[in-house]
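All heavy atoms count here, side chains included; hydrogens, waters and symmetry mates do not. FYI, the numbering just counts along the sequence from 1. Fair warning: this is a prediction, and the values are worked out from it, not measured in the lab. Note that ligands are numbered from 1 as they come in the structure, with each ligand's atoms numbered from 1 the same way.
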Amino acid sequence: MSVKIYRSVHELKGFSLKSCPAMDQPSGVLMCPPDHYQVLAVKNPYMAGQVGAVDRERARAQWNHLKEAFDAAGCPVSLIDPAPGLEDMVFCANQSLAGTRPDGQKVALLSAMRHSSRRREVESFEAWYAARGYRVMRFKAGGHETFEGSGDAVWHPGRRLLWGGHGFRSDPEVFERVADAFQTPVVLLKLVNERFYHLDTCFCPLTPEAVLIYPSAFDAASLELILKIVPIVVTVGEADAGARMACNAAVVRSKTAILQKGATSVANHMLALGLGVCEVDTSEFIKSGGSVYCLKQFLFDGPAG
Ligand code: ARG
């Protein structure tokens with residue numbers, strides 16, 4: 001069965017958030033310890049000038065705090081072993097997209113990474129999911145299109161709907177496969193600002209009714225889609241979106257937002273929406289272009305609150 005991809009507001013006839021079936025929220029997260037984390041080559045604008053600049057001890061302490069924050073928010077953390085020589089493996093959002101199909105089957109769709117230095121990461125995730133009862137799906141061997149997992153495919157909380165981002169790391173064509181793998185409609189958004197190279201750097205669902213966005217990361221048709229579909233759209237200013245990667249927050253069970261410290265106005269918006277706010281410091285990871293959201297993969301291992 002082919003599942004719908006929405007690319008413009010003209011295609012939305014009959015579609016609304018409420019028309020998407022309810023879906024369980026994530027049951028936990030998967031994280032990868034930062035044993036081999038470093039900045040070795042520049043793959044995104046955040047990494048420029050940061051080669052060799054990671055303070056490994058600080059990175060380890062920040063990662064430990066983030067793990068504690070997920071646990072404390074009632075979101076249990078599973079771990080995958082870090083592999084030597086894979087300095088970006090710590091960014092667990094990218095190697096796959098985990099989720100469920102409408103019949104409850106757990107699925108992990110493996111990514112096709114844009115950069116060759118990250119391709120080997122995917123094998124470890126394949127083995128991890130296979131050992132845990134996930135149906136593991138992949139893209140056709142020899143294909144040229146790329147897909148970077150939950151960096152560019154974000155679940156809408158509590159609804160069977162995926163938001164897809166393309167333009168830098170993922171190709172638009174791959175979302176047919178994404179929609180099919182999860183039997184879930186995809187709203188496709190085009191990213192136009194290189195500093196916001198993954199969807200999770202400029203788009204963050206806060207509650208089933210509210211999202212946080214950095215508007216100039218999107219083209220006009222994509223902004224129109226977001227505004228049409230989501231009742232509450234909170235926008236982030238340049239400094240919080242860029243230097244503090246505020247849209248790379250993670251919201252656990254529509255209750256607790258975990259985000260980089262210092263994005264005060266974003267934190268206030270979150271509080272006003274009734275969320276608890278937990279600030280963490282991910283500055284060593286922002287040097288590589290990642291913060292809270294991309295240091296984990298949401299897992300769907302059963303009903304959660
Ligand atoms: N250095 C990594 C890269 O460029 C960072 C990935 C961050 N992930 C994310 N989903 N935003 O690939």
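Note on Arg7 versus Glu176: salt bridge recorded, some NZ/NE/NH1/NH2 to OD/OE distance being below 4.0 Å. Using a cut-off of 4.0 Å between Lys/Arg side-chain N and Asp/Glu carboxylate O, Arg60 and Glu57 are scored as not salt-bridged.
Contact annotation for Met47 and ligand 1: only side-chain heavy atoms (C-beta onward) come within less than 4.0 Å of the ligand. Under 4.0 angstrom from ligand 1, the non-hydrogen atoms of Tyr197 all belong to its side chain.
The shortest contact between atom 11 (N) of ligand 1 and any protein heavy atom is with Asp200 OD1, 2.9 Å. Given atom 5 (C) of ligand 1, the protein heavy atom at minimum distance is Ser288 O, 3.3 Å.
Heavy-atom proximity to Asn44, at under 4.0 Å, picks out these atoms of ligand 1: 1 (N), 3 (C), 4 (O). For ligand 1, the atoms sitting less than 4.0 Å from at least one non-hydrogen atom of Gly151 are 10 (N), numbered in the order shown with element in parentheses. In summary, the atoms of ligand 1 found under 4.0 Å from a heavy atom of Gly289, numbered by their order in the structure, are 7 (C), 11 (N).
Considering His198, Met245, Arg169 only, the shortest heavy-atom separation from atom 4 (O) of ligand 1 involves Arg169. The residue among Lys43, Glu87, Arg118 with a heavy atom at the shortest distance from atom 12 (O) of ligand 1 is Arg118.
Here the side chain of Arg138 pairs no donor or acceptor atom with the backbone of Leu110 at under 3.5 angstrom. With Ser111 contributing its side chain and Ser96 its backbone, the two residues share a donor-acceptor pair below 3.5 Å. Judged by distance alone, the side chain of Asp171 and the main-chain N or O of Thr146 form a donor-acceptor pair under 3.5 Å.
Judged purely by distance below 3.5 Å, without hydrogens or angles, the side chains of Tyr197 and Asn44 pair a donor atom with an acceptor atom.
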Using residues 69-92 as the side-chain source, report each donor-acceptor pair under 3.5 Å to any protein atom, sequence neighbours left out, with the distance given to one decimal.
residue	atom	partner	partner atom	Å
Asp71	OD1	Val77	N	3.3
Asp88	OD1	Ser288	OG	3.4
Asp88	OD2	Lys43	NZ	2.4

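As a member of the Ile/Leu/Val/Met/Phe/Trp/Tyr network built from side-chain separations under 4.5 Å, Leu40 groups with nothing else and remains a singleton.
For ligand 1, one of its N or O atoms has an N or O atom of Asp88 under 3.5 Å away. Between Asn94 and ligand 1, a contact under 3.5 Å exists for at least one N or O pair.
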